[in-house]
Structures are given as C-alpha cells and as structure tokens.
Amino acid sequence: MKWIYKLLFLLALLPLGAHAQNGKANTFEVGKGTFLLNGKPFIVKAAELHYPRIPREYWEHRIKMCKALGMNTICLYVFWNLHEQEPGKFDFTGGNDVAAFCRLAQKHGMWVIVRPGPYVCAEWEMGGLPWWLLKKKDVKLRSLDPYFMECVERFETAVAEQLAPLTVDKGGPIIMVQVENEYGAYAADKPYISAIRDMLRKVGFDKVVLFQCDWSSTFEANALDDLVWTMNFGTGANIEEQFRRLGEVRPDAPKMCSEFWSGWFDKWGSAHETRGAKEMVDGIDQMLSRGISFSLYMTHGGTSFGHWAGGNSPWLMPDVTSYDYDAPINEYGHTTPKYFALRELLQRYADGQKLPAVPAPPAPLITLPEVTLTEYAPLASGVVRTETDAIRTFEALDMGFGSAIYSTTLPALDAPAVLQAEVHDFAVVYLNGKRVGVIDRTKSQNSLQIPACPAGTKLQLVVEGMGRINFGQGIYDYKGIVGQPRLELAAAGCRTVHEPLEWTMELIPDTYENALAAFRRQARSPLETRAGYYRGTFRLKRTGDTFLNTEAFGKGLVYINGHALGRFWSIGPQQTLYVPGCWLKKGENEIVVLDVIGPKAEPKVFGSDKPEWNKLNLTAADDITDAARRPNFSVLTPAHRGQFAPGNGWQKVRFGSAAKGRYLALCAAGGHDASTVSAIAEIYALGADGQRIDRNPWKAYYTDSQTGTRTVDKVFDLQESTYWQTAEGDALPHTIVIDLGSEQTLTGLEYLPRAEAGAPGSVKGYSIYVYN
Ligand code: GLA
Ligand code: CA
C-alpha cells in the first residue's frame, strides 16, 4: 500500500489549475477593465508581507496562512538599506534572501508583486533608503541627483540579479513590479519617475507589467502614460470616490487598490491603533464585487526587528517595534477574528474551490521565568571611537545607528541658562556627571533649562538616535546633534549667547558585537546613572514564541542570542517585544539589554504568552484636553467664519484678510449629518503667499474632545486616512488648537474631511481664530 501514499504525496505537489507555478512561462497583461492572466480575466487578491519582518524560519508558515485566507498573490517591498548596509556591499543571504521568499510563494501557488523602491516608506528606517546617502551633504533624495541615481542603479541592478529571473514571462511568480512609491505624496517630478521606470526596464524587468501606486488625490502629478495606475487607501474609505478620478481619465483601465490598509501602525507615546474588521471586509467585498483588484496592507505586519522601525513627522513620531498593524494575521502569525471574517468572504470569491485548511502555528506560545540581568557595563563601555573638534551628526561621524556622548566644557554661568540643541532624537543631559534633564524630540523639545554653574563644568548629552523618518520631506533625518548648540543666558536684563565650539563625541554603535565588547571593556563612567548594558542567561527545556516584558527598563534595545529584537521605551504603548521561538534554544539562552536611560527598578525581564501593545505611561503634562489651554474666545475675534461643503475631498477657504498668530484654533459649530460628532482628516494653513506653510513645527495644543487614537495630531500627520474625531455625545461646538511653532501670517486654510462615504463628521459651520 505504501506506493499509494507515495503517489498521493506526489500528486499533492502538483500545481492546481491556473496557478501555473510550474516554471513554464505565463502571461500577465493589462486588458480592458481587468488584468489578464494567460489571456483570462484575473483579479489580484494580494497579501502584503515583508520578509525582514518575519524570521526566515517562519516565512513558509506565513505564506501558507495567506493562501488559506484566500489570497492568490504576495506583495512585498525590497528594502534597500537592509541589503546594502555599506555602499557597494550587498547581502541577499539568510533572512535577506528575497528570491528564496518569492520561490516559497511560488511553491505554494502564489503570484508575487515586487515593489523595489528605491524608496518604500513602510514605517521602515528612512523609508528603505540607506543612511549613508546622507553622508553626501548636498544629496537630493528621490530626485535626478546624479549621485542618488548612481546609487539607485547599483541597487536596482542587484535586485534584478536576484528577482528578474523570477518574472512571470520566465516561468516565475512575479506578475507586477512597482515604480517608486506614492511619489505624489512627496513631490511632482515626472522626469525622475520616468528615469526609475527606464532603469527598472534596463536592469532586467523589461517584460513585466510596471505600475505606480498613489493616493486618488495625488496620482495625476506623476502619472506616466505607459504605466498602470493604482490607488492606496484605508479600511472604511469610499471606494467609488477613490476610483472616481481614475475612471474619468482612464475609463478602460483595470482598477486596483495597491494598498488597502487593514489597520495602522503604532507610535511611541500614542495609543495602539485598530480598525474594524467589518469595515475592512466590507471594503474588500465592495471591491471584489466590482472586479477591483487589491493588496491588503498589511495582511501580516510582523515585527520591525532591531533598529529598522522608522518614524513620521512632524518632529518625530517614532514607530514602535511591533508592526502588528491590527492585521488579519497578527504580529506572531496567529489568526484573529479579522482573519476569519475575511476568510469567509474570500471563500465566496474562490471560484468554487475550497480554501486550504489554516496551518497551525510553527511554535507554541510559552512564558519565560523572571530573569535578573546581573551583569552590567556602564554606557561608556560601548564607546568604540572618540572624535573631537566641531560638533557633528552621526552621519558625518560615519555611524549609522546607535548613541553618542557629546561633551563640552562650559564657561561660568552666573544664572540659569537655556541650552538649545537640535537633538535627534533623545538626550539625557548631565552636568559634571549629574543628570539635569532630558531633551525629547518626540515632544518637539529642543531646549533645556540648566542651572548656574562654575567655569569648567562638564556638559554631557547622551544622545540616542531612533529610526529615521520614512515619509514626506522629513526623510533627511540626520541623527545625533544637528547644527550648533547654544546656551542662552538672560541675567540682569541682558541676554548673552554662548556657543561651545569644542566638543568630544564618543560613539556607541548599535550592534550585538559591540554590546558584548562593552562587557569586556567595563569603562568607568563619569555619569551618575544606571544607563548601560545588562546581561543575563536563562535555561529552557522547550522553546516557543514569547513576549519579553521590558517594563523594568527605560529606553533602548534588546538582543536575544545575538538576534536584535528591537527597541523598547517605557512610555509605551508597546511593553513587550516579540521573541520568535526559532531564536531560542534548548539549554542556555542569553539576553542583552542596552538601556540609555537606566532601569526604573531591578533589571529584570520575563516572558509572557501574550503581547502588551497598549499600555501607555504618559505624564499629565502631555494632556492636551487640559482646560487651562482653552483659548479665551471672549477676547478673540475670528479670522474667518464660514461653512464647508458636504462630501469627500479637499476644500480651500481664504480669509477676508490676513491674520497673525502662533496658535490656530478651529471651532466646529456642527456637522452635515445628524450626529454631533466632528471629524477632520487633514488641515493645511496657507501663508502670506497663499501657499501651504510648513507643518513640521506644528504641535497639537488643545482640544475639548478627542477619542481613542483619533487625536488632534492626526489632522497634520500627512495621512489622508487618519483623522481627529470627537467623542460621541460631547456637546458642540468642538475646538481644536494647533501650536504653529512660531508666529505666522495666515491667509486661508485647506481642509479634508474623512475619506469614508458621506464624509462622516464633516464640519459645516466653523470659525477660525489665529492668536498669540
Ligand atoms: C503608505 C506607504 C506604505 C505604508 C503605508 C502606511 O501607503 O506606501 O509603505 O507606509 O502608507 O502604513
Ligand atoms: Ca490625517
């Protein structure tokens, strides 16, 4: 009988029907109103997965999970800065073997969409661009700058060596390749986009379908005639509206949502984001019933291990380590209610074929007993190099990731002074080794009051660089101290400024090897702090996935058995780091923690069998609903009053005359629908020249109502899918106040309501105040 099993086994390996995953050439083309696979209409149901956000050992499991969900395609970015960590040195091995990932997808009958950037956004360090590009002072990223383009070509050539042999015309799974990423949200530069397109063709993606992805509000700025245009938008969006303009300009084109956001990413210091399963499933149902293709971003988000999480602007809104994304498959590869809700829908669109069974997780969930990290090495033990002279950024000092101790000697300060320093991103400040405070860029701080002190006092800033900004013009995100720090003294009515010119910079690069070396070096630290490296071991009888609780520690990074787990920060919302079981061992295991602030308690960790993604530890000073911040409307005159129109899409208003002030208040008197809830997705203020003013210095200052993650900062986070919204039942009018950072002259406003059908919460009557 054994031969029967053998035969059944061999049969099971054979590809099914139209999957054509057998190494034979296939055709994938753009037809009238649809894509065509081997000449037949084909709807792309893609699952976005990022290979570096999943341990290689689990790749196959996650792909099978997508297959069992009812997807037919895997969509992925190629992360330039992961593969070319030093100029010209490429690594496509191990967890970086993107070709192996694509072949695994093919093995399971999945097609592949490749998005090789060069820029990818993705809440990934610098949007995938290598930090070393910033070493060239005048580099113009994402443009025709010859140096930038030369580097891009070297990278895309390397990508093509890996992936061009896997395109569909050569028998591979790759059906489409993306040109750049949402460039319309960055700039208008068709010559640049054309050059990236031509380059992709030249390096080897010569026959495969090329496409652009953008927002419906921005796609036309860079749309090239010979590329497919696809739209990105989130759960809940009004689908008709999202494709309206595309339908007008290209009535016969296939429609595709290239990123349908299943959830959203989390930022340090903000509550965990979730999006409704029903809204997500309804959106996909609406698309499939109209023959619209989609990619679900993310279907499984995974983890931004090590130092690869990025950040957003204004200032810095750094992304947490977990990239769970509230996706159908959670961070650790398990199903969620969203998964089953979607699977039920996709089963209905599976052409009568029964979806494969949901695979069991590759590892059990386990707990770890409490481990005290008894070995300690002061932070200074991590210093590998000391530089003196003029102050410089990490990039200018040739360090990509890590921390640095910036030291200088002060003149006599007879009175308290204000230290002004563009710290990227977080500094603990010491005077003669004693901690005097912190400068935290995420709170838009760039100064600190320091006490009077005698000449010769040593000023030291321990500066930690977090992930580089991955979206918008903020991608020139130098780390360390940027520019020249100043000390401003205001004593006896006269103001003096002192700019210390001589600095010592001690570099602490972020690598596991350096963390280990720190324990051997054991430097004596002049800083009175418990910041530094902590190490401990524990023994395991069986391995499994677990969540390492870091709540005893302040802020830093964790390595387990040499694997970089990621960043932690006690402010939350994330308080546990995902530890894939495949990185643990039977027998002895090692944990190393680098804490740049120092632990709050005993340096202990433990492993839980559940993640903690939503535990914020914020101080009252962060409360923007504090009534003391409410403007005194009785003494203010509105700069403008009016009514917004109903419906989705951008609207512009101009004030009767220019208004000056540092604070911009908008009062919503009521909405277009029956509810008393107000919501706003985005606001731009127009300056004296009628153009949008820079929102980078903006800060949410006050509101009388906000709910959950629908906070005021969402009106200037550059994202059309996120919005501020008032709590149900809070009485009208509703007020938001934005601190513009400095006094501005304003002449108008651009306003975007929510993207959902009917623009729920859209404001009707409003008053705008500009004041100091
Ligand atoms: C955009 C980008 C993605 C990602 C999402 C938000 O759509 O293209 O890379 O950043 O926003 O998660
Ligand atoms: Ca927004």
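Side-chain atoms are counted along with the backbone in the values below, which use heavy atoms only and exclude waters and symmetry mates.
Partners of Trp698 by ring pair (Phe, Tyr, Trp, His ring centres under 6.0 Å), not counting sequence neighbours, listed by chain and number: Phe716. Residues that satisfy the ring pair (Phe, Tyr, Trp, His ring centres under 6.0 Å) test with Tyr476, not counting sequence neighbours, are absent from this structure. Residues meeting the ring pair (Phe, Tyr, Trp, His ring centres under 6.0 Å) test with Phe644, sequence neighbours left out: Tyr751, Tyr766. Listed by chain and number, the residues in a side-chain hydrogen bond (donor to acceptor under 3.5 Å, both in side chains) with Tyr325 amount to none (sequence neighbours excluded). When the ring pair (Phe, Tyr, Trp, His ring centres under 6.0 Å) test is applied to Phe233, the partners found at least two apart in sequence or on another chain are Phe243, Phe260. Partners of Ala452 according to the side-chain contact (heavy atoms from CB on, under 4.5 Å) rule, which considers only residues two or more places apart in sequence or in another chain, do not exist here. In this structure, the side-chain hydrogen bond (donor to acceptor under 3.5 Å, both in side chains) partners of Trp261, at least two apart in sequence or on a different chain, are Glu259.
Glu220 places a side-chain heavy atom less than 4.5 Å from the side chain of Val249. Between Val463 and Tyr406 there is a side-chain heavy-atom pair separated by less than 4.5 Å.
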Only distances under 3.5 Å count here; give the side-chain donor-acceptor pairs of residues 464-473 to other protein atoms, sequence neighbours excluded, each with its distance to 0.1 Å.
{"residue": "Glu464", "atom": "OE1", "partner": "Lys555", "partner atom": "NZ", "Å": "2.4"}
{"residue": "Arg468", "atom": "NE", "partner": "Glu395", "partner atom": "OE2", "Å": "3.0"}
{"residue": "Arg468", "atom": "NE", "partner": "Asp477", "partner atom": "O", "Å": "3.4"}
{"residue": "Arg468", "atom": "NH1", "partner": "Glu125", "partner atom": "OE2", "Å": "2.7"}
{"residue": "Arg468", "atom": "NH1", "partner": "Gly400", "partner atom": "O", "Å": "3.2"}
{"residue": "Arg468", "atom": "NH2", "partner": "Glu395", "partner atom": "OE2", "Å": "2.7"}
{"residue": "Arg468", "atom": "NH2", "partner": "Gly400", "partner atom": "O", "Å": "2.7"}
{"residue": "Asn470", "atom": "OD1", "partner": "Gly311", "partner atom": "N", "Å": "2.9"}
{"residue": "Gln473", "atom": "NE2", "partner": "Tyr186", "partner atom": "O", "Å": "2.9"}

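Looking at Glu279 and Arg275, no side-chain N of the basic residue comes within less than 4.0 Å of a carboxylate O on the acidic one, giving no salt bridge. Between Glu551 and Lys615 there is a salt bridge, since at least one side-chain N of the basic residue sits less than 4.0 Å from a carboxylate O of the acidic one.
A donor-acceptor contact closer than 3.5 angstrom links the side chains of Asn238 and Asn648. For the residue pair Gln574/Ser322, the side-chain donor-acceptor check at 3.5 Å is not satisfied. Using a 3.5 Å distance cut-off with no hydrogens or angles, the side chains of Asn232 and Glu182 do pair a donor with an acceptor. A donor-acceptor contact under 3.5 angstrom links the side chains of Asp713 and Thr711, judged on distance only. Using modelled atom types and a 3.5 Å distance limit, the side chains of Trp315 and Gln445 yield no donor-acceptor pair.
Within the structure, the salt bridge (Lys or Arg N to Asp or Glu O under 4.0 Å) test picks out the following pairs touching residues 627-648 (sequence neighbours left out): Arg630-Asp704. Among residues at least two apart or in separate chains, ring pair (Phe, Tyr, Trp, His ring centres under 6.0 Å) pairs with a member in residues 656-676 are Tyr663-Tyr701, Tyr663-Tyr771. Applying the salt bridge (Lys or Arg N to Asp or Glu O under 4.0 Å) test to residues at least two apart or on different chains, the pairs with a partner in residues 672-685 are Glu682-Arg695. Annotation: salt bridge (Lys or Arg N to Asp or Glu O under 4.0 Å) contacts involving residues 740-766, sequence neighbours excluded, comprise Arg692-Glu750, Arg754-Glu756.
Residues Tyr183 and Tyr192 bring their aromatic ring centres within 6.0 Å.
For Arg435 and Tyr430, the positive end is not near the middle of the six-membered ring at less than 6.0 Å and at most 45° from its axis.
Ring-plane geometry between Tyr684 and Trp650 is classed as tilted, the angle between the planes lying from 30 to 60 degrees on a 0 to 90 degree scale.
Under the 3.5 Å distance criterion, the side-chain polar atoms of Glu123 are left unmatched by any main-chain donor or acceptor of Lys267.
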Apply the test side chain to side chain donor-acceptor pair (under 3.5 Å) to residues Gln242 and Ser216: give CA-CA distance (whole Å), side-chain angles for both, the deciding distance (0.1 Å), then the verdict. CA-CA 6 Å; Gln242 292 293 329; Ser216 59; 3.1 Å; yes

